[in-house]
Amino acid sequence: MEKLDDIFEVSLAGEQFEGRQLTIRAEQTTDGVPVYHCYDEGASIAQLRQETSGEWTQLWGDLQPDAVQQLGEAIASYNHQE
């Protein structure tokens with residue numbers, strides 16, 4: 001995998017991450033769809049990817065499905081701001 005320099009932070013509402021900044025690092029894959037490495041206070045908590053259908057999937061981690069979708073929406077929102 002080729003590394004990107006795209007590192008940013010997102011905030012989520014909800015019990016699991018309320019009031020915390022999560023660090024996101026995008027990594028390009030050979031198929032052109034980035035994988036997003038998610039960190040909470042420096043610890044890796046998940047890897048997410050947006051499928052061609054638009055659905056966010058968790059490749060690695062133990063996040064609840066609603067947290068995966070919420071985090072995916074925050075990533076998508078950041079990407080649309082650029």
Side-chain angles (χ1 to χ4, degrees):
M1 287 191 214
E2 183 180 319
K3 295 200 187 276
L4 298 176
D5 290 328
D6 196 10
I7 297 173
F8 56 95
E9 292 186 339
V10 297
S11 296
L12 300 180
E15 296 175 23
Q16 193 168 8
F17 301 109
E18 186 69 41
R20 302 211 314 260
Q21 292 279 76
L22 301 179
T23 302
I24 310 298
R25 181 178 57 85
E27 186 172 355
Q28 195 60 261
T29 61
T30 56
D31 65 1
V33 179
V35 169
Y36 295 93
H37 299 264
C38 308
Y39 302 89
D40 183 18
E41 298 179 352
S44 181
I45 58 168
Q47 292 177 5
L48 304 183
R49 173 184 171 118
Q50 188 173 30
E51 302 299 334
T52 55
S53 65
E55 179 184 359
W56 285 91
T57 58
Q58 182 172 217
L59 303 175
W60 177 88
D62 290 325
L63 300 180
Q64 296 296 317
D66 59 328
V68 170
Q69 293 309 310
Q70 192 178 33
L71 186 51
E73 289 170 11
I75 293 169
S77 178
Y78 172 84
N79 286 337
H80 285 79
Q81 291 175 7
E82 296 185 303

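- Considering CZ of Arg25 and CD of Gln47, their distance stands at 8.0 Å, rounded to 0.5 Å.
- Minimum interatomic distance between Gln28 and Val33 (heavy atoms only, all atoms of both residues): OE1-N, 3.6 Å.
- Side-chain N or O atoms of Gln58 include one that pairs as donor or acceptor with a backbone N or O of Leu63 at under 3.5 Å.
- Two different hydrophobic clusters hold Tyr39 and Leu48 under the rule that ILVMFWY side chains link at heavy-atom gaps under 4.5 Å.
- Annotation: the span from Ile75 atom CD1 to Trp56 atom CH2 amounts to 4.5 Å, rounded to 0.5 Å.
- The structure places CD1 of Ile45 at 8.5 Å from CH2 of Trp60, a figure rounded to the nearest 0.5 Å.
- Rounded to the nearest 0.5 Å, atoms CD1 (Ile24) and CG (Leu71) are 4.5 Å apart.
- Annotation for Asp62: atom CG does not count as buried by contact number, only 12 or fewer foreign heavy atoms lying within 6.0 Å.
- For the pair Tyr36/Val10, no side-chain contact is recorded, criterion being any heavy-atom separation below 4.5 Å from C-beta on.
- Going from atom CG of Leu12 over to atom CD of Gln21 covers 9.0 Å, rounded to the nearest 0.5 Å.
- Residue pairs meeting the salt bridge (charged side-chain N to carboxylate O under 4.0 Å, His left out) criterion with at least one member in residues 29-46, sequence neighbours excluded: Arg20-Asp40, Asp31-Arg49.
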